[in-house]
Structures are given as structure tokens and as C-alpha cells.
Visitor: 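Below: one structure in C-alpha cells.
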Amino acid sequence: MTKEEAFVDERVKVHGRFLIPILQDIQKTYNYLPEEIIRVVADKLEMPCRDVYGVATFYRSFSFVPKGKHVLTVCVGTACHVRGSTRMADALSRELNILPGETTEDKNFSLETVNCLGCCAIGPIVVADGEYHGEMTTQKAIKIVKDKEKGTNE
Ligand code: FES
């Protein structure tokens, strides 16, 4: 049995035939959904690969390319944009030297933008590793990066 098969077997034991929680565990462990593991999942759940991909591509939280250890998502929807989120995303781009949708070379950070997270009243919003930060400023966003860098290097 390969390492990937053993991993998927474990996840199937925990989640049964529920595909989304299995994919969430894979995403969390590998930071993306590797093709070889998608094949194993399809095999174990006795479903066509294209159906697994069909579900995975429907959700933004799944990625088919490796993401960074830390994922920063800046909301650039209208309410956040008018409060400066686009400038904040630009500043993070410069700080990390990547464009939205990209991952730093050292695989430490991925930067993403999104068009509304449904909590406009406390915008602008930055989601850092799944944690929502409201009323953000560029300074606060850069501090998040610095803190995560420190945490990473400790
Ligand atoms: S526009 Fe940013 S949360 Fe709605």
C-alpha cells in the first residue's frame, strides 16, 4: 500500500463516503489536492475521477496547485474596496513580492483576493489562515505578515 493510499484509507475510516470532508483533510495536510491522491480517492469511493474533480472545482477553498503555509485573502468587494482594501492588497503584493493568486517562492505565503465575504459591515476584511480580521488597515495587514514570518522562523 502506498503512503497516499494509507492516508486516504484513514480519512475514509473517519468520514465514510463523505467526499468533501475527505478533500478538506487532503487540502489541510498537503496544502492542495495532488492529482495522485484524487485518483486514490476516486478509486476508494468507487467514483469516476471527473466527479471528484467536479466537486473539488466547485469550492474555492480547494486548490490544485500547492498553496503557501500561510494563506492571506483580501476582500476586494465593493464595500471593502471603498474602504481601501485594493490598496491593502497592492501593499501585500509588494511586501510578499507576488501577485494575488500566487505563492511565494519559499512556499510561506499565498495571496488571494475575493469579492465579498458577507461581512461588509466590518470591512475591509483580511482572512489570514482562516481567521477573519475586520476593519483592517495596510499597516495591520503587514503586521500580520511580519508576525507570521516570525512564527514561521521560530
Ligand atoms: S465587500 Fe468585503 S465583506 Fe463584503
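The figures that follow rest on heavy atoms only: side chains count, while hydrogens, waters and symmetry mates do not. Just so we're clear, the structure is a prediction, and the values are computed from it rather than from any experiment. Each ligand, and each atom within it, is numbered from 1 in the order the structure gives.
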Visitor: From atom 2 (Fe) of ligand 1 out to just under 2.8 Å, does an N/O/S atom of C80 turn up?
Guide: yes
Visitor: Taking atom CD of E36 as the centre, report whether more than 12 heavy atoms of other residues, nucleotides or ligands fall under 6.0 Å from it.
Guide: yes
Visitor: Would Y59 and I20 count as a side-chain contact (heavy atoms from CB on, under 4.5 Å) if you check the C-alpha gap in whole Å, the side-chain angles of each, and the deciding distance to 0.1 Å?
Guide: CA-CA 10 Å; Y59 295 95; I20 291 175; 3.4 Å; yes
Visitor: Suppose I only count heavy atoms of G77 and a 4.0 Å limit; which atoms of ligand 1 are within that range?
Guide: 1 (S)
Visitor: What atoms in ligand 1 come closer than 4.0 Å to a heavy atom of G118?
Guide: 3 (S)
Visitor: With backbone taken as N, CA, C and O and side chain as the heavy atoms from C-beta onward, which portion of C75 lies under 4.0 Å from ligand 1: side chain, backbone, both, or neither?
Guide: side chain
Visitor: Quick one: which ligand 1 atoms are inside 4.0 Å of a heavy atom on A79?
Guide: 1 (S)
Visitor: Near D90 CG, under 6.0 Å, is it more than 12 heavy atoms from other residues, nucleotides or ligands?
Guide: yes
Visitor: How about Y53 and F64: are their ring centres within less than 6.0 Å of each other?
Guide: yes
Visitor: Among protein heavy atoms, which lies nearest atom 3 (S) of ligand 1, and at what distance?
Guide: L117 N, 3.4 Å
Visitor: With a 4.5 Å cut-off on side-chain heavy atoms, are V52 and M47 touching?
Guide: yes
Visitor: Please determine whether any non-hydrogen atom of C119 lies less than 4.0 Å from an atom of ligand 1.
Guide: yes
Visitor: Tell me whether the count of non-hydrogen atoms from other residues, nucleotides or ligands lying under 6.0 Å of NZ in K140 goes above 12.
Guide: yes
Visitor: Is there an N/O/S atom in C120 that lies less than 2.8 Å from atom 2 (Fe) of ligand 1?
Guide: no
